[in-house]
Amino acid sequence: MRITQVPFALTRRACSSALAQVPFSIRARNAVLLLPDSQITFLASLPRSGALRPQARPAHPTRHQAEPSFFLTRATTTTRSSPVPLLSSMAPDHSSLSNFTEIRVTHSDFELDVNLGKKIIEGYVQLDAIAEVDSPSHLLLDTRDLTIHRVELHSPLQSPQEQGGPIPLKFQMDEPHKVLGSALRLELPANLVGPLTRGSRLSLGVRFTTSPSSSAVQFLDPAQTAGGRQPYLFTQCQAIHARSLVPCQDSPGAKMSYSAVVRVPQPLTALMSAVPDEQPPAGGLPHLADVEPNYPTNLFSFYQKVPIAPYLLALAVGELSSATLGPRTRVWSEPSMVEAGAYEFADTNRFLEAGEAIAGEYVWGRYDLLLLPPSFPYGGMENPCLTFVTPTLLAGDRSLTNVVAHEIAHSWTGNLVTNATWEHFWLNEGFTMFLERKILGRLHGPAAFQFHASQGAAKLAAEVERLGADNPYTRLVPDLSGGVDPDDVFSSIPYEKGFYFLYYLQELVGGADVFDPFLAAYIAAHQHTTLTSAEFRKFFEDYFKEVPAAQTVDWDTWFFSPGMPPVTNTYDTSLAQQAYDLAMKWHTCDVMGIGSDGPAGASPADVAGWSSEQMVAFLDKLRQFRALQPMHKTMTKRLAELYGIYDSNNSEIRYSFFKLAIPAEDDQALSAAASMLRSQGRMKFLRPLYRALHRSKAGRQLAENTFADVGMSYHPIARKMVAADLGIKEQ
């Protein structure tokens with residue numbers, strides 16, 4: 001997932017500019033290696049496929065209960081009734097109240113009834129769990145804003161279920177934490193569950209209801225959708241919002257498989273981060289017999305056989321249709337956007353094949369895209385089997401589909417190999433930036449890899465300057481103890497500082513020819529597991545134990561020191577040089593900011609044939625040059641006119657231009673930026689533009705008025721962050 005901003009409370013200017021540390025020297029090295037077929041052997045068969053076929057709600061026959069099927073490397077398999085192995089140590093998680101290190105949920109079977117009128121989800125989950133220690137007395141689950149109706153024991157899985165049905169269990173909600181929610185404490189009395197020893201398995205059920213204020217769920221009225229005819233729902237569970245959707249062990253370290261049956265109003269369609277079943281089970285929703293919708297409904301069922309962290313749970317409900325992109329890929333959206341989405345994401349299968357060539361087999365079966373309504377707060381979210389993407393990617397020329405390469409890369413780094421806790425988030429995002437750029441380099445050449453790497457270094461320097469070089473949240477491994485909200489720490493630091501570190505390691509050990517096989521081996525060794533930064537260090541040092549340079553890494557400084565990295569990387573900036581040169585011309589023709597007609601001879605030919613990334617590089621470099629003295633508004637108006645800024649459908653170009661033009665008090669840019677804030681809810685754009693407007697003399701009131709008008713249409717996560725940026729206390 002691409003997340004680029006942190007809260008206002010954490011921001012401050014550094015006393016010295018980190019931008020001066022951005023390297024621009026050229027290093028002639030082929031940073032992209034075309035690998036042979038994957039060395040990774042993974043023996044899972046592809047999940048069930050086929051188009052979704054909604055069924056009218058049946059009566060209440062007994063539902064067949066399926067347990068997870070999971071496959072290990074080296075031809076070792078487990079059965080559907082056996083626990084999913086966790087092949088690395090389970091690190092304690094400061095962001096979870098659950099006790100997954102003592103008793104761990106391995107599979108969740110959900111029954112969900114979506115009530116769009118009341119803006120709630122009625123649910124039941126059957127949890128299959130395994131004891132990780134002897135004699136656990138209780139199971140702790142994360143919850144936030146959930147109503148728990150009952151808890152029951154189905155049976156220890158190693159013995160037949162008692163006659164007469166499930167046995168009620170005592171439960172309590174622990175004292176709520178303002179960030180982490182309330183732990184649901186399920187008592188496990190010995191007279192009911194027997195003596196639990198390490199490896200013992202049991203099955204429990206929880207009946208629950210979500211709140212209309214659930215931070216994981218956004219309900220949209222018909223007017224907020226593209227079609228304007230039907231309501232819509234989508235979820236966003238990263239980082240710790242799954243607990244407001246379902247009771248779970250809401251930690252990246254608590255991976256589980258899952259199955260689900262979802263009931264929605266006709267004629268709507270449900271999608272999840274799983275493979276759809278051809279036919280929903282005949283049993284319907286037997287544990288929700290108390291919920292009787294008074295409108296026609298459809299049933300959909302799903303199965304996710306690959307264990308995932310709870311933050312990857314995802315659900316979307318709306319008027320949806322699809323178009324096929326390839327044998328494993330499909331784009332979903334509201335009907336009015338399907339054609340545009342199919343055109344924009346036509347290269348998805350190429351990205352997928354390139355990822356497999358670098359990182360190994362794609363184990364998730366399908367890779368579908370869901371083009372969401374404009375209020376989706378991120379560029380993309382790597383939900384397995386169903387990546388969520390923002391409609392701001394619809395440029396009409398496929399110029400913004402690199403986000404898809406990023407989300408596809410997450411299929412290996414993040415989803416398959418996962419950070420154990422949010423302190424180690426760079427293991428997800430730094431590796432994914434690295435793999436994304438490897439994919440782009442494989443498709444477009446080594447210079448493309450180097451171009452994106454150099455732009456990432458510039459973004460890293462700008463972020464460090466914005467936050468402050470001594471800000472503890474510029475550390476690669478921050479401290480989240482004490483109940484820190486991971487959302488409050490997210491920035492581009494784990495993405496770009498993580499990439500920067502991996503590129504440093506690559507060059508240290510001998511370049512891509514040496515490091516690319518290491519990358520494949522790392523993924524093969526850690527697939528289906530979670531790990532910490534210390535475990536990554538150990539694997540690196542063991543793999544490169546015969547390479548003297550690998551023993552010189554200053555791990556503590558890289559992991560725990562704030563600010564810019566301790567070593568300066570060098571990249572080939574040849575693709576960026578034209579953009580930098582043009583930025584210098586615009587800068588020097590009006591250094592004092594008193595106004596000018598632009599550089600002599602400036603014309604649309606200056607940028608003819610440029611990629612959108614080069615145009616963004618030009619605008620960002622010019623903004624860097626003007627950090628101390630904003631441009632005059634006559635200059636920004638002239639630039640926009642010459643280069644067709646307002647004619648562009650590319651949201652990244654317009655966003656970069658607005659960041660340059662708002663400090664110039666360009667009235668046309670102020671108005672256009674406010675229009676952009678009203679038309680979409682992507683946090684990458686919302687937060688910097690609101691901050692820029694709020695700092696502007698002419699834009700401050702405009703920012704506050706715009707947020708007052710449309711803030712409630714934003715996703716709850718985005719609304720919270722923007723309110724903090726503007727110093728507005730949410731009601």
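Heavy atoms only: backbone and side chains are in, while hydrogens, waters and symmetry mates are out. Note that the structure is predicted; figures quoted are calculated from it, not measured.
In this model, no donor atom of one side chain and acceptor atom of the other lie less than 3.5 Å apart for Glu334 and Ser336. There is a side-chain donor-acceptor pair under 3.5 Å between Lys255 and Thr418. Between the side chains of Tyr258 and Ser273, at least one donor N or O lies within less than 3.5 Å of an accepting N or O. For His241 and Asp487, the side-chain atoms include at least one donor-acceptor pair closer than 3.5 Å. With 3.5 Å as the limit, one finds no donor-acceptor pair spanning the side chains of Ser648 and Asn650. Between the side chains of Arg682 and Thr392, at least one donor-acceptor pair of N or O atoms lies under 3.5 Å. Judged purely by distance below 3.5 Å, without hydrogens or angles, the side chains of Glu436 and His410 never pair a donor atom with an acceptor atom. Counted by atom type alone, Ser215 and Ser244 present one or more donor-acceptor pairs between their side chains at under 3.5 Å. Ser375 and Gln680 are not linked by any side-chain donor-acceptor pair at a separation below 3.5 angstrom, with hydrogens and angles left out of the test.
Under the 6.0 Å distance and 45° angle rule, Arg654 does not count as a cation-pi partner of Tyr646. Taking the centre and axis of the six-membered ring of Phe449, the NZ or CZ atom of Lys438 falls inside the cone set by 45° and 6.0 Å. In this structure, Arg437 forms a cation-pi arrangement with Phe499, its terminal cationic atom sitting closer than 6.0 Å to the ring centre and no more than 45° off the ring axis.
For Asp142 (side chain) and Asp250 (main-chain N/O), a donor-acceptor pair under 3.5 Å exists by modelled atom type. A donor-acceptor pair under 3.5 Å is formed between the side chain of Arg398 and the backbone N or O of Tyr343. In this structure, Ser454 contributes its side chain and Phe451 its backbone to a donor-acceptor pair below 3.5 Å. When atom types are taken as modelled, the side chain of Ser611 and the backbone of Gln614 share a donor-acceptor pair closer than 3.5 angstrom. One N or O on the side chain of Tyr655 and one on the backbone of Lys684 form a donor-acceptor pair closer than 3.5 Å. Under a 3.5 Å cut-off, the side chain of Glu344 and the backbone N or O of Gly396 do form a donor-acceptor pair. The backbone N or O of Glu382 sits less than 3.5 Å from a side-chain atom of Asn415, completing a donor-acceptor pair. The backbone N or O of Asp221 sits nowhere less than 3.5 Å from a side-chain atom of Thr225 that would complete a donor-acceptor pair. Remark: the backbone N or O of Ala260 is not paired with any side-chain donor or acceptor of Ser301 at under 3.5 angstrom. The backbone N or O of Gly253 sits less than 3.5 Å from a side-chain atom of Ser251, completing a donor-acceptor pair.
Residues Ser491 and Pro494 share a closest heavy-atom pair of O-CD, 3.4 Å. Nearest heavy-atom pair, Ile439 versus Ala405, reported as atom, atom and distance to 0.1 Å: CD1-O, 4.1 Å. In terms of heavy-atom proximity, Ile662 sits nearest to Ala692 at CG2-O, 3.5 Å. Minimum heavy-atom separation, His424 to Asn419: O-CB, 3.1 Å. For the pair Leu575 and Ala447, the tightest heavy-atom approach, listed with the atom from each and the gap, is CD1-O, 3.6 Å. For the residue pair Ser214 and Leu245, the shortest heavy atom distance occurs at OG-N, 4.3 Å.
Within the 4.5 Å cutoff, side-chain heavy atoms of Trp364 are placed close to those of Ile308. In this structure, the side chains of Gln304 and Ser257 stay at 4.5 Å or more apart for every pair of heavy atoms. Counting only heavy atoms from C-beta outward, the side chains of Leu677 and Tyr714 approach each other to under 4.5 Å. No side-chain heavy atom of Tyr362 sits less than 4.5 Å from a side-chain heavy atom of Ile408. Taking 4.5 Å as the limit, every side-chain heavy atom of Gln230 sits out of range of all side-chain heavy atoms of Pro222. Put simply, the side chain of Val317 reaches to within 4.5 Å of the side chain of Leu268, judged on heavy atoms. By the 4.5 Å heavy-atom criterion applied to side chains, Phe300 and Val261 are not counted as neighbours. Here the side chains of Arg263 and Asn298 are not in contact, with every heavy-atom distance at 4.5 Å or above.
For Phe490 and Phe425, the ring centers are positioned less than 6.0 Å apart. The six-membered or imidazole ring of Trp412 lies away from that of Tyr522, with a centre-to-centre distance of 6.0 Å or more. In this structure, Trp426 has its ring center closer than 6.0 angstrom to the ring center of Phe501.
In this structure, the separation between OG1 on Thr297 and CG on Asp113 is 7.5 Å, given to the nearest 0.5 Å. Atom CG of Leu370 is separated from atom CZ of Phe376 by 8.5 Å, given to the nearest 0.5 angstrom. Here Asp347 contributes atom CG and Phe345 contributes atom CZ; the two are 11.0 Å apart, rounded to the nearest 0.5 Å. A distance of 4.0 Å separates CE of Met381 from CD of Gln238, quoted to the nearest 0.5 Å. We find the OG-CG distance between Ser333 and Leu369 to be 10.5 Å, quoted to the nearest 0.5 Å. Atom-to-atom distance recorded for Trp332:CH2 and Leu372:CG is 13.5 Å, nearest 0.5 angstrom.
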Exercise for the section: List the steps, then state whether salt bridge (Lys or Arg N to Asp or Glu O under 4.0 Å) holds for Asp485 with Lys720. Expected result: CA-CA 12 Å; Asp485 189 341; Lys720 169 191 169 184; 2.8 Å; yes
Handout entry: CA sep, side-chain torsions, deciding dist, call: Leu313, Val246, side-chain contact (heavy atoms from CB on, under 4.5 Å)
Key = CA-CA 9 Å; Leu313 285 170; Val246 296; 3.8 Å; yes
Exercise for the section: For Glu463 and Arg466, run salt bridge (Lys or Arg N to Asp or Glu O under 4.0 Å): C-alpha distance rounded to whole Å, both residues' side-chain angles, the deciding distance at 0.1 Å, then the answer. Expected result: CA-CA 5 Å; Glu463 188 80 325; Arg466 186 179 71 82; 3.2 Å; yes
Problem - Residues Arg328, Glu356; criterion salt bridge (Lys or Arg N to Asp or Glu O under 4.0 Å); working and verdict - result: CA-CA 13 Å; Arg328 294 179 288 180; Glu356 284 190 298; 2.9 Å; yes
Practice task
Report the C-alpha distance between Tyr367 and Thr348 in whole Å, list the side-chain angles of each, state the deciding distance to 0.1 Å, and finish with yes or no for side chain to side chain donor-acceptor pair (under 3.5 Å).
Solution key: CA-CA 9 Å; Tyr367 184 85; Thr348 298; over 6 Å; no
Practice task
Evaluate side-chain contact (heavy atoms from CB on, under 4.5 Å) for Leu531 paired with Leu427, printing each intermediate quantity in order.
Solution key: CA-CA 8 Å; Leu531 76 162; Leu427 290 171; 4.1 Å; yes
Exercise for the section: Take Tyr503 and Gln450 through the test side chain to side chain donor-acceptor pair (under 3.5 Å) and record every step on the way to the result. Expected result: CA-CA 11 Å; Tyr503 186 85; Gln450 292 288 322; 3.2 Å; yes
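Within a 6.0 Å sphere centred on CZ of Arg229, other residues, nucleotides and ligands contribute 12 heavy atoms or fewer.
Of the listed residues (Asn402, Asp397, Thr401), just one forms a side-chain hydrogen bond (donor to acceptor under 3.5 Å, both in side chains) with Ser399, and that residue is Asp397.
Ring planes of Tyr232 and Phe234: perpendicular class, angle over 60° (limits at 30 and 60°).
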